[in-house]
Peer 1: 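One structure follows; several queries about it will come next.
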Amino acid sequence: MCEFCVQHGDGKTWYLEAQNYAADLTHDLERREFVVDFVTGFDRRMRRNIPLLKAVKAAPAPLRHAFDAYARPRQMREHWGQPVPIEECERIFDIATSITQLPCVCRHFAGTPERGYCLAVTVTPHDDLFAEAFRDYDSGPDTAAFQRLSRDQALAVLRRAEQEGLMHSVWTFKSPFIAAICNCNRASGCMAMKTTLDLGFQTMWKGEYLAIVDETACAGCGACVERCPFDALALDDRAVAVVDGDACFGCGICRSSCGADAISLESRPREAVT
């Protein structure tokens with residue numbers, strides 16, 4: 001169990017607690033401003049931050065550690081993500097019943113195709129906020145461009161994402177308030193995965209689970225190795241899939257590729273959720 005489950009989940013899984021989706025963004029002006037600035041300034045920040053993070057990664061260890069000691073706590077206070085398996089996304093949709101498709105800021109920055117994979121998940125609708133935040137996107141200020149989804153429609157989006165090898169993650173906006181489920185991988189342009197895995201600056205934390213392979217059931221096809229967005233699976237010399245527990249983020253996307261049903265998820269030890 002992660003530290004946020006202790007602090008913001010009363011000892012339960014923190015992203016399954018209703019209060020973490022219930023901010024009133026009409027009256028919570030500080031958080032509303034943060035969301036608007038996050039979207040409207042995303043491209044500008046990425047153009048600034050990527051060269052900075054590359055420089056920090058190449059810097060001597062003391063400088064890297066000093067930067068991390070300053071930046072990591074701030075990141076956790078403001079905006080960070082965590083992979084969530086699809087069955088727990090279903091439970092989120094029972095809590096955060098206002099679900100809206102949004103343009104993807106990462107795909108917008110990366111210039112990759114937009115396919116409606118980002119979902120705003122809140123307790124109450126916030127169409128006016130979305131119109132303000134995405135006013136410079138191709139959809140313009142017309143709130144009709146933001147499609148409201150039913151629970152079943154949202155799950156269909158997630159299942160389609162899994163078929164394409166995209167993992168699901170929840171995202172905070174002024175923690176612990178959660179406002180979005182993203183569906184992405186590195187090829188789609190996910191900047192959180194790029195900064196965390198490639199540039200060494202953590203914006204995505206490991207999920208609550210680990211993938212486990214039933215060696216007796218594994219057919220050795222390698223589909224899970226190709227599907228894993230974190231490069232956490234490999235075939236050993238027996239042609240059996242093995243999981244690198246240190247690399248696994250617990251998203252569960254590998255399961256959707258396994259025709260032999262040889263992969264399951266188990267709870268991650270608390271100290272490993274980092």
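The structure displayed is predicted, hence computed values, not measured ones. These numbers come from the heavy atoms of this one structure, side chains and all, not from hydrogens, waters or symmetry mates.
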Peer 1: If two hydrophobic side chains count as joined below 4.5 Å and joins carry through other members, does Leu233 share a cluster with Met193?
Peer 2: no
Peer 1: Decide if atom CD of Gln153 counts as having more than 12 heavy atoms of other residues, nucleotides or ligands within a radius under 6.0 Å.
Peer 2: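 Enclosed.
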Peer 1: Do Ser175 and Met76 have side chains that get closer than 4.5 Å, going by heavy atoms?
Peer 2: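 They are not in side-chain contact.
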Peer 1: Between the side chain of Arg268 and the main-chain N/O of Gly207, is any donor-acceptor distance below 3.5 Å?
Peer 2: yes
Peer 1: Would the number of heavy atoms belonging to other residues, nucleotides or ligands and lying under 6.0 Å from CD of Glu226 be above 12?
Peer 2: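 It does not: Glu226 CD has 12 such atoms or fewer within range.
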Peer 1: In terms of heavy-atom contacts, does CZ of Arg91 have more than 12 from other residues, nucleotides or ligands at under 6.0 Å?
Peer 2: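 No.
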Peer 1: Answer with yes or no whether the side chains of Tyr15 and Gln82 bring together a donor and an acceptor at under 3.5 Å.
Peer 2: no
Peer 1: Just checking Glu87: does its CD atom have more than 12 heavy atoms from other residues, nucleotides or ligands closer to it than 6.0 angstrom?
Peer 2: yes
Peer 1: Hey, what do you get for CG (Leu52) to CZ (Arg45), rounding to the nearest 0.5 Å?
Peer 2: 13.5 Å
Peer 1: Examine distances only and state if a side-chain atom of Thr195 and a backbone atom of Ala192 form a donor-acceptor pair shorter than 3.5 Å.
Peer 2: yes
Peer 1: Determine yes or no for a side-chain-to-main-chain donor-acceptor pair under 3.5 angstrom, with Glu30 supplying the side chain and Phe34 the backbone.
Peer 2: no
Peer 1: Treating Asn20 as the side-chain partner and Trp14 as the backbone partner, does any N or O pair qualify as donor plus acceptor under 3.5 Å?
Peer 2: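 Yes, the answer is positive, given that a donor and an acceptor are paired below the 3.5 Å cut-off.
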Peer 1: Any Lys/Arg nitrogen of Arg32 or Asp37 sitting under 4.0 Å from an Asp/Glu carboxylate oxygen of the other?
Peer 2: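 Answer for the salt bridge query: no.
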Peer 1: Determine whether Pro83 and Met204 make a side-chain contact, defined as any pair of heavy atoms from C-beta on separated by less than 4.5 Å.
Peer 2: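 A side-chain contact under 4.5 Å exists here.
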Peer 1: Taking ring pair (Phe, Tyr, Trp, His ring centres under 6.0 Å) as the definition, give me every residue that meets it alongside Phe201, ordered by chain and number, with sequence neighbours left out.
Peer 2: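 Per chain and number, Phe201 pairs via ring pair (Phe, Tyr, Trp, His ring centres under 6.0 Å) with Phe67.
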Peer 1: Let me see the working for His168 and Ile253 under side-chain contact (heavy atoms from CB on, under 4.5 Å), right down to the final yes or no.
Peer 2: CA-CA 8 Å; His168 326 298; Ile253 299 304; 4.0 Å; yes
Peer 1: Looking at Cys254, is its backbone amide N or carbonyl O close enough to the side chain of Ser257 to form a donor-acceptor pair, meaning the two atoms are under 3.5 Å apart?
Peer 2: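 Between the backbone of Cys254 and the side chain of Ser257 there is a qualifying donor-acceptor contact (under 3.5 Å).
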Peer 1: Could you check whether Asp24 and His27, counting side-chain N and O atoms only, form a donor-acceptor pair closer than 3.5 Å?
Peer 2: yes
Peer 1: Is there a donor-acceptor contact under 3.5 Å from the side chain of Arg64 to the main chain of Ala59?
Peer 2: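 Such a contact is found between Arg64 side chain and Ala59 backbone.
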Peer 1: So, do Tyr21 and Phe177 have ring centers that fall under 6.0 Å from each other?
Peer 2: no
Peer 1: Distance check, rounded to the nearest 0.5 Å: Met191 atom CE versus Arg186 atom CZ?
Peer 2: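 That separation rounds to 12.0 Å.
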Peer 1: In terms of hydrophobic clustering (I, L, V, M, F, W, Y; side-chain heavy atoms under 4.5 Å; direct or indirect links), are Leu16 and Leu158 co-clustered?
Peer 2: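 Both belong to a single hydrophobic cluster.
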Peer 1: With no hydrogens and no angle check, is any side-chain donor or acceptor of Arg77 less than 3.5 Å from a backbone partner on Lys174?
Peer 2: no
Peer 1: Do the rings of Phe230 and Phe249 sit parallel, tilted or perpendicular, given the 30° and 60° boundaries?
Peer 2: parallel
Peer 1: For the pair Asp127 and Arg148, find out whether any cationic side-chain nitrogen is under 4.0 Å from an anionic carboxylate oxygen.
Peer 2: yes
Peer 1: When rounded to the nearest 0.5 angstrom, what distance separates CD in Glu88 from CZ in Phe93?
Peer 2: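 Output value for this atom pair is 12.5 Å.
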Peer 1: Going through the distances and angles, do Leu235 and Val240 end up as a side-chain contact (heavy atoms from CB on, under 4.5 Å)?
Peer 2: CA-CA 5 Å; Leu235 294 180; Val240 172; 6.0 Å; no
Peer 1: Using ring centroids (six-membered ring only for Trp), state whether His108 and Tyr137 fall under 6.0 Å.
Peer 2: yes
Peer 1: To the nearest 0.5 angstrom, please state how far the CG atom of Leu119 sits from the OG1 atom of Thr100.
Peer 2: 8.5 Å
Peer 1: State plainly whether one hydrophobic cluster holds both Leu197 and Val243, where clusters connect Ile, Leu, Val, Met, Phe, Trp and Tyr through side-chain heavy atoms under 4.5 angstrom apart.
Peer 2: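 No; tracing contacts between hydrophobic side chains, which count when under 4.5 Å, never links both residues.
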Peer 1: I'd like to know whether CZ of Arg74 has more than 12 heavy-atom contacts from other residues, nucleotides or ligands below 6.0 angstrom.
Peer 2: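 It does not: Arg74 CZ has 12 such atoms or fewer within range.
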Peer 1: Less than 3.5 Å apart, any donor N or O on the side chain of Thr112 or Ser188 sitting next to an acceptor on the other?
Peer 2: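 No, no side-chain donor-acceptor pair sits under 3.5 Å.
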Peer 1: Would you say the ring centers of Trp171 and Trp80 fall short of 6.0 Å from each other?
Peer 2: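 Ring centres of Trp80 and Trp171 not closer than 6.0 Å.
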Peer 1: Give a yes or no on whether the backbone of Asp198 and the side-chain of Lys57 come within a donor-acceptor separation of less than 3.5 Å.
Peer 2: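 Between the backbone of Asp198 and the side chain of Lys57 there is a qualifying donor-acceptor contact (under 3.5 Å).
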Peer 1: Would Ile212 and Leu265 satisfy side-chain contact (heavy atoms from CB on, under 4.5 Å), going step by step from the backbone distance to the final call?
Peer 2: CA-CA 6 Å; Ile212 303 295; Leu265 294 178; over 6 Å; no
Peer 1: Kindly indicate, with the supporting measurements, whether the criterion side-chain contact (heavy atoms from CB on, under 4.5 Å) is fulfilled by Val35 and Leu129.
Peer 2: CA-CA 8 Å; Val35 173; Leu129 170 62; 4.1 Å; yes
Peer 1: Answer yes if the side chains of Asp214 and Thr216 hold a donor-acceptor pair under 3.5 Å, and no otherwise.
Peer 2: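 Present: a donor and an acceptor within the cut-off.
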Peer 1: May I ask you to say whether Glu162 pairs ionically with Arg227, meaning some side-chain N is under 4.0 Å from a carboxylate O?
Peer 2: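 Here Glu162 does not pair with Arg227 in a salt bridge, since their nearest N and O are not under 4.0 Å apart.
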Peer 1: Do we see a donor-acceptor contact under 3.5 Å between the side chains of Tyr117 and Arg107?
Peer 2: no
Peer 1: For the hydrophobic clusters of this structure (ILVMFWY residues joined by side-chain heavy atoms under 4.5 Å, transitively), does one cluster hold both Val242 and Val225?
Peer 2: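 No, Val242 and Val225 fall in different hydrophobic clusters.
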Peer 1: Does Thr40 use its side chain to pair, donor to acceptor, with the backbone of Ala133 at less than 3.5 Å?
Peer 2: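 Looks like no, no N/O pair under 3.5 Å.
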Peer 1: Using atom types as modelled and distance alone, determine if a side-chain donor or acceptor of Arg151 lies under 3.5 Å from a backbone N or O of Thr97.
Peer 2: no
Peer 1: Find the distance between CD1 (Ile86) and CZ (Arg255) and round it off to the nearest 0.5 Å.
Peer 2: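 It comes to 8.0 Å.
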Peer 1: Distance from Cys190 atom SG to Met167 atom CE, nearest 0.5 Å?
Peer 2: 5.5 Å
Peer 1: Would you say Ile263 and Tyr209 are hydrophobically clustered, going by side-chain heavy atoms of ILVMFWY under 4.5 Å?
Peer 2: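 Looking at the clustering, Tyr209 is in a separate group from Ile263.
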